[in-house]
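Below, chains carry the letters A, B, ... as their sequence lines are ordered, and counting in each starts from 1.
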Protein chains: 2
Amino acid sequence: MTAAVESGPRTERNADATRARILDAAFREIYRKGFQGMRLDDVLRQTGLTKGALYHHFPNKMSLGYAVVDELIAEAMSGIWVTALQDSRDPIGVIIQLITNLARGHGPFEAVTQGCPLNNLAQEMSPLDEGFRMRIDRVFQTWSRCLVEALEAGKRHGTVRQELDSERAAIFVIAAVEGCIGMAKNAQSLERLQVCTTSLVEYLDSLRS
Amino acid sequence: MTAAVESGPRTERNADATRARILDAAFREIYRKGFQGMRLDDVLRQTGLTKGALYHHFPNKMSLGYAVVDELIAEAMSGIWVTALQDSRDPIGVIIQLITNLARGHGPFEAVTQGCPLNNLAQEMSPLDEGFRMRIDRVFQTWSRCLVEALEAGKRHGTVRQELDSERAAIFVIAAVEGCIGMAKNAQSLERLQVCTTSLVEYLDSLRS
DNA sequence: CTACATACCGACCATCTGGTTTGTCAATAG
DNA sequence: CTATTGACAAACCAGATGGTCGGTATGTAG
């Protein structure tokens with residue numbers, strides 16, 4: 001019988017789970033302090049692991065940062081924007097909804113106090129490290145492409161103005177969203193986010209046909 | 001005759017000049033690497049001074065950072081926005097002009113590759129240190145107030161729509177400007193900045209009466 | 001000229017930080 | 001059962017980093 005196959009999650013000595021724990025803790029620390037401000041010891045303290053474990057799964061600090069972008073942040077973005085905009089007839093409405101949720105404090109992350117994980121990293125690391133920049137840019141491009149496709153679909157469904165330059169609009173929407181979150185983060189004020197997004201929603205409404 | 005009064009700048013042992021040199025170098029380093037990434041030794045190497053000089057003029061690293069915000073960044077912002085918008089009958093035109101200049105690469109700083117010094121610091125430090133946050137917020141408020149006043153003046157001169165909520169618009173413009181610069185910085189592309197600001201200019205035009 | 005304050009030097013220090021190395025123990029293969 | 005490998009622990013290291021401190025040179029008031 002050989003006790004074969006495998007039966008459920010192991011509580012100890014589960015490599016994948018350990019890696020995920022490290023990744024998760026690293027994300028939190030990077031989100032709070034930035035990549036340069038993240039300390040490996042803090043990550044390890046949070047997981048209860050040691051240097052050995054960390055350096056078994058990642059060759060160095062930089063790679064850990066890269067993995068956070070590729071595996072956590074990219075997924076999170078996709079989970080929010082790509083998912084919500086798939087097969088939507090009224091993309092503008094969906095975008096407005098997502099932004100409104102954010103401004104209500106209903107986000108998957110603490111946008112007001114901590115900002116957007118993706119943009120935080122972009123602003124900190126893009127000029128400093130090409131590896132980070134490329135990975136982050138990939139995420140922004142996915143986001144942008146998803147917006148473009150949704151807007152084009154909106155045109156086909158007659159909910160978006162035909163003359164709209166989707167590419168241009170998509171990039172600007174992303175810029176504006178990140179800008180609004182940044183304002184809120186600096187003011188540490190949810191109200192600031194609301195004031196700011198109100199204008200953005202107005203702009204979005206102007207794109208309707 | 002006692003060689004009295006004082007005659008021009010002294011070449012050595014000029015306290016104010018020394019302080020200014022330190023401040024200047026600190027600004028450059030913070031601009032490139034962020035406050036956390038700035039190393040005092042690098043600042044000193046750049047100025048040719050030593051620890052003694054630095055700690056004579058500033059009690060610690062944090063205070064040096066504060067001084068950069070209060071004395072350099074605040075001044076720079078004022079020098080650009082407040083100056084340009086004073087006594088303007090057509091604020092929207094002026095704002096568009098400033099943004100266009102930026103997108104042409106004619107800025108006082110390397111916006112495309114390095115971002116906006118003020119916003120960089122805001123995104124990095126606001127959640128981490130209340131002292132930084134307050135100082136940075138003060139600069140943003142000055143900027144915002146200057147935009148509000150200009151827009152109100154524009155209303156009086158009939159170049160801006162009467163129904164416009166100036167406060168709201170001002171904050172959004174700042175958010176959008178910073179957002180656009182952020183996009184360009186991540187892409188490390190002047191073209192991206194141009195694409196992004198084009199939409200912003202469109203929005204600004206829509207505020208005209 | 002004296003006395004004192006200011007401006008600055010440069011060696012020194014404790015701590016932190018990313019990274020390395022060696023060792024241990026469980027799982028799996030043969 | 002034994003050999004090997006994967007997963008992790010723990011001690012360790014070198015360099016960096018913010019900060020301190022005693023000293024020195026310069027300017028200035030009396």
*Salt-bridge test for Glu29(B) and Arg32(B): reply yes if a basic N is under 4.0 Å from a carboxylate O, no otherwise.*
no
*Compare the minimum distances between each of dT17(C), dC8(D), dC9(C) and the side chain of Ala53(A), then state the nucleotide with the smallest one.*
dC8(D)
*Which residue lies more 5' along DNA chain C, comparing Tyr55(A) with Thr50(B) via nearest heavy atoms*: Thr50(B)
*Can any side-chain N or O of Thr197(A) pair as donor or acceptor with the backbone N or O of Leu200(A) at less than 3.5 Å?*
no
*Between Lys51(A) and Leu44(A), is there a donor-acceptor pair closer than 3.5 Å when you use the side chain of the first and the backbone of the second?*
no
Is the phosphate of [N], meaning OP1 or OP2, less than 4.0 Å from a side-chain N or O of [X]?
X	N	result
His56(B)	dC8(C)	no
Arg39(A)	dC16(C)	no
Thr18(B)	dC8(C)	yes
His57(A)	dC8(D)	yes

[X] [atom1] to [N] [atom2]: how many Å, rounded?
X	N	atom1	atom2	result
Lys33(A)	dC16(C)	NZ	P	13 Å
Leu54(B)	dC8(C)	CG	P	11 Å
Leu44(A)	dT17(C)	CG	P	12 Å
Lys61(B)	dT17(D)	NZ	P	9 Å
Asn14(A)	dG6(D)	CG	P	16 Å
Leu40(B)	dT20(D)	CG	C1'	13 Å
Glu29(B)	dT17(D)	CD	C1'	14 Å
Leu64(A)	dT17(C)	CG	C1'	14 Å

*Tell me yes or no: between the side chains of Gln141(A) and Asp137(A), is some donor less than 3.5 Å from an acceptor?*
yes
*Looking across every strand, which nucleic acid part, if any, lies under 4.0 Å from Met62(B) by heavy atom: base, sugar-phosphate, or nothing?*
nothing
*Under 4.0 angstrom, heavy atoms only, what part of the nucleic acid is Leu49(B) near: base, sugar-phosphate, or nothing?*
sugar-phosphate
*Can you find a donor-acceptor pair, distance only, under 3.5 Å between Lys51(B) side chain and dG19(D) base?*
yes
*Asp41(A) vs Arg45(A), salt bridge (charged side-chain N to carboxylate O under 4.0 Å, His left out): CA-CA, chis, key distance, verdict*: CA-CA 6 Å; Asp41(A) 283 345; Arg45(A) 211 169 299 135; 5.0 Å; no
